[in-house]
J.: 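I have a structure I would like to understand better, so I am pasting it below and will then ask my questions one at a time.
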There are 2 protein chains.
Amino acid sequence: MADSLNERSQNILEAIVEDYITSAEPVGSRAISRKHNFNLSPASVRNVMADMEEMGLLCSPHASAGRIPTGKGFQYYIDTLLEVRDLNRSEKQNLRNSYRFKNMRMEDIMQEVGRVLSGLSQYTGLVMAPKFISTVFRQIEFVRLSQGRILMIYVSETGLVQNKVIQADRTLTTHDLEKISNYLNSELNGLTIHQIRAKLNQELQDDRIVYDQLKKQALSLSCAALQDEIEDQLYVSGTSLMLGQPEFSSAEKMKKMIQTLESKKLLIELLDQGQSAQGVQIFIGSESSHVDLEGCSLITSNFSNQKGAIGALGVIGPVRMNYSGVVPIVDFTAQLVSRVLDRETEKD
Amino acid sequence: MADSLNERSQNILEAIVEDYITSAEPVGSRAISRKHNFNLSPASVRNVMADMEEMGLLCSPHASAGRIPTGKGFQYYIDTLLEVRDLNRSEKQNLRNSYRFKNMRMEDIMQEVGRVLSGLSQYTGLVMAPKFISTVFRQIEFVRLSQGRILMIYVSETGLVQNKVIQADRTLTTHDLEKISNYLNSELNGLTIHQIRAKLNQELQDDRIVYDQLKKQALSLSCAALQDEIEDQLYVSGTSLMLGQPEFSSAEKMKKMIQTLESKKLLIELLDQGQSAQGVQIFIGSESSHVDLEGCSLITSNFSNQKGAIGALGVIGPVRMNYSGVVPIVDFTAQLVSRVLDRETEKD
DNA sequence: TTTAGCACTCACCTCGATGGAGTGCTAACA
DNA sequence: TGTTAGCACTCCATCGAGGTGAGTGCTAAA
């Protein structure tokens, strides 16, 4: 995309981005020429900077301030210059020890992951629980509520509990429901929601089913229960942590950020977008993408167990984020969570 | 508590509080004497104000500013001067129409209530779901996870689903679990958790139980499942709304507020405190109570169905809150929610 | 091609002056 | 005795002037 830079320009861009990441202030030519020993005078650095400003990689808030990287500048840095090292053994062990998953519900695990992510990164942690449609069936139960409504409780193979209220035939007795759930539990065990839906559609076509009362009721109930999507669950933690960053020092910007995090919709959308990708992804909320995320970056990774229950986790913070520090944490955490999901699935 | 005020002082205090509620700025003697037709000169008003300042009901941010009510001043206003009118029929109908509870899960209802409360009040809505211990048993199910862990799913009579992972005897088969849950579902139906715990303790004393394998297993499992508390669930909505208030105009204060709302612990504590009370309660977070809530007020009310499932809802905002507008909303919403809980319980 | 030098720009800080809102006090008045 | 007009006083907010420092762009020399 950007015209390619020669090595010197790259070095200078890298230095500017990294200085800016730690200081959050415009970086001047003198600082660059002194701190990093390029053996270049400030004047030379200025020339390079002027070129990069023209290319749209840098900008200056006003005439006599230093330069700050633009969204495009950060993008270039991330695509070309950023070197992400793997965590070493003891770092991995530390990270593992940060997480306490013992005897936790799936919900608690997700929340814990968010909390740790945000604590380690000092930004805001995001975790999207495995999507309903990608989960594998383990068990379903029905509870009769008043007025013909039925509470459906679905447990996925990883122990994720989701529930939903459905309107159903008033004549169904508790005993009927029990028979139906028994039937479904034996029929659907081990299938993904995807497969289940295919199966349901197929059986809907089958005329013979009208003769089997139980099957018919089971079919209509499971259609109501499993055909529609269930809303994604997004856990946001450490909102206040991120607000310590200088980019949110003005009350105005802080409020906007909170609004964005609170509505969740946009975040879910973004996490969805990276769903087909493998490994860590970085979104930069510059002019291009959504207005509400201007000035923010999102580092995410998917996690999934072997059967394919797909969720996502990550960290959202200012564009001026410590990428080299946060990326490996997000990456390894996603691997850890994937492994935990697999452990849940294990038969003993 | 405060030395009683004569009528004129009361009128002036009321005027000051109400002016301050709408303007968020210190109120001067001239404004009071002009806008409200007490037929008093500013000088007279000043005399009264000076007295009330001495009594601790007012204070002035600096020598040449007007007065603002202190926490104590607000307390006096709320205790003595505030007149809360009931909503009229059409207002009630409007409020009823704001809530869409149809085919919603308990969780969704709680969330919806929070959203509407915050939307109507322009402050932050809080809803604490009925406490586990106060709920009435409807159904329990067990799902085997890996490594001898069992997922317990508990549904209360109002349709509130709670789950928990317990460590149990590895030898329990799915079939055993089914028998146990059937047994428990018939034994415990309609009992409160309170009653169930008493029953469990009693049976633990009973030696004969060792001879009945099923009963023994059921007992140990339900102890693990129902004996401990389950964490309270608090729904917080409209955080960003409240941040529009001028008291949070500084980034510093905004951040503090977010932290308080995010940690939830303190809020749950406060909502718990009002649990024995009836009707609407108002907490003023002045010097007396917790530091984190300085400058905030909390308007809450409990809700409960006839069987006693107790939760709480309310609104948190700056001390300078529109009490006369918000109190009736909180009050009537609590009544509505109570009625919804009862409807859930109804047999059809 | 690089660099030293220099003029220039602009944010930021401080300082002092000004104006306005509101108070407290005092003395006069009903 | 309570109320009020008048007045001096206090303090904040705003504005503009002036100085400072960081950093730039340009030019000419090495």
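Numbers restart at 1 for each chain; the letters A, B, ... are given by sequence-line order, proteins then strands.
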J.: Checking B:Lys264 side chain against B:Tyr235 main chain: does a donor-acceptor pair fall under 3.5 Å?
T.: no
J.: Using the heavy-atom set of chain A and a strict 4.0 Å cut-off, write down the first and last nucleotide of DNA chain C that makes it in, 5' to 3'.
T.: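 Taking any atom under 4.0 Å from a heavy atom of chain A, the span is C:dT2 to C:dA11.
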J.: Please walk me through it: do B:Thr300 and B:Val330 pass side chain to side chain contact (heavy atoms under 4.5 Å, CB included)?
T.: CA-CA 7 Å; B:Thr300 67; B:Val330 169; 5.6 Å; no
J.: Please check if the number of heavy atoms outside B:Glu252 that lie under 6.0 Å from its CD is greater than 12.
T.: no
J.: Return the set of residues passing salt bridge (Lys or Arg N to Asp or Glu O under 4.0 Å) with B:Asp51 (not counting sequence neighbours), or none when no residue passes.
T.: none
J.: Which ones in residues 38-47 of chain A lie close to DNA chain D, meaning a heavy atom under 4.0 Å from one of its atoms?
T.: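 Listed by number, they are A:Arg46.
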J.: For B:Leu270, check side-chain contact (heavy atoms from CB on, under 4.5 Å) against everything at least two apart and list the hits.
T.: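 Residues passing side-chain contact (heavy atoms from CB on, under 4.5 Å) with B:Leu270: B:Gln273, B:Phe283, B:Leu293, B:Leu298.
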J.: Quick one: which of A:Glu294, A:Lys72, A:Gln75 gives a side-chain contact (heavy atoms from CB on, under 4.5 Å) with A:Ile284?
T.: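 For A:Ile284, the side-chain contact (heavy atoms from CB on, under 4.5 Å) check succeeds only for A:Gln75.
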J.: Charged N to carboxylate O under 4.0 angstrom, B:Lys253 versus B:Glu247?
T.: no
J.: Below 3.5 Å between N/O atoms, which protein atoms pair up with nucleotides 10-14 of chain D? Just atom names and distances, please.
T.:
unit_1: D:dT10; atom_1: O2; unit_2: B:Ser64; atom_2: OG; d: 3.3
unit_1: D:dC11; atom_1: O2; unit_2: B:Ser64; atom_2: OG; d: 3.0

J.: Strictly by modelled atom types, are A:Ser44 and A:Asn47 linked by a side-chain donor-acceptor pair under 3.5 Å?
T.: no
J.: Determine which bases of DNA chain C form Watson-Crick or G-U wobble pairs with both distances under 3.5 Å, and write the result as a 5' to 3' dot-bracket string with | for other-strand partners.
T.: ||||||||||||||||||||||||||||||
J.: Just jot down the salt bridge (Lys or Arg N to Asp or Glu O under 4.0 Å) partners of B:Glu269, sequence neighbours excluded, or say none.
T.: none
J.: Enumerate the side chain to side chain donor-acceptor pair (under 3.5 Å) contacts for residues 19-31 of chain A, please, sequence neighbours excluded, ordered by first and then second residue.
T.: A:Asp19-A:Lys35, A:Asp19-A:His36, A:Ser29-A:Arg46
J.: Can you list everything that forms a salt bridge (Lys or Arg N to Asp or Glu O under 4.0 Å) with B:Glu18? Sequence neighbours excluded, please.
T.: none
J.: Would you check if there is a donor-acceptor pair between the side chains of B:Ser240 and A:Glu262 at a distance under 3.5 Å?
T.: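 Yes.
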J.: Please name all residues satisfying salt bridge (Lys or Arg N to Asp or Glu O under 4.0 Å) with A:Glu53, sequence neighbours left out, ordered by chain then number.
T.: A:Arg67
J.: Give, ordered by number, those residues of residues 18-36 of chain B having at least one heavy-atom distance below 4.0 Å to an atom of DNA chain D; if nothing qualifies, reply none.
T.: none
J.: Any chance the side chains of A:Gln245 and A:Tyr123 put a donor and an acceptor closer than 3.5 Å?
T.: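 No, because no side-chain N or O of A:Gln245 sits under 3.5 Å from a partner of the opposite role on A:Tyr123.
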J.: Keeping to residues at least two apart or across chains, list the salt bridge (Lys or Arg N to Asp or Glu O under 4.0 Å) pairs with something in residues 57-66 of chain B.
T.: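 Residue pairs with at least one partner in residues 57-66 of chain B: there are none.
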J.: In whole angstrom, what separates A:Ile68's CD1 from D:dG23's P?
T.: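 About 14 Å, once rounded to whole Å.
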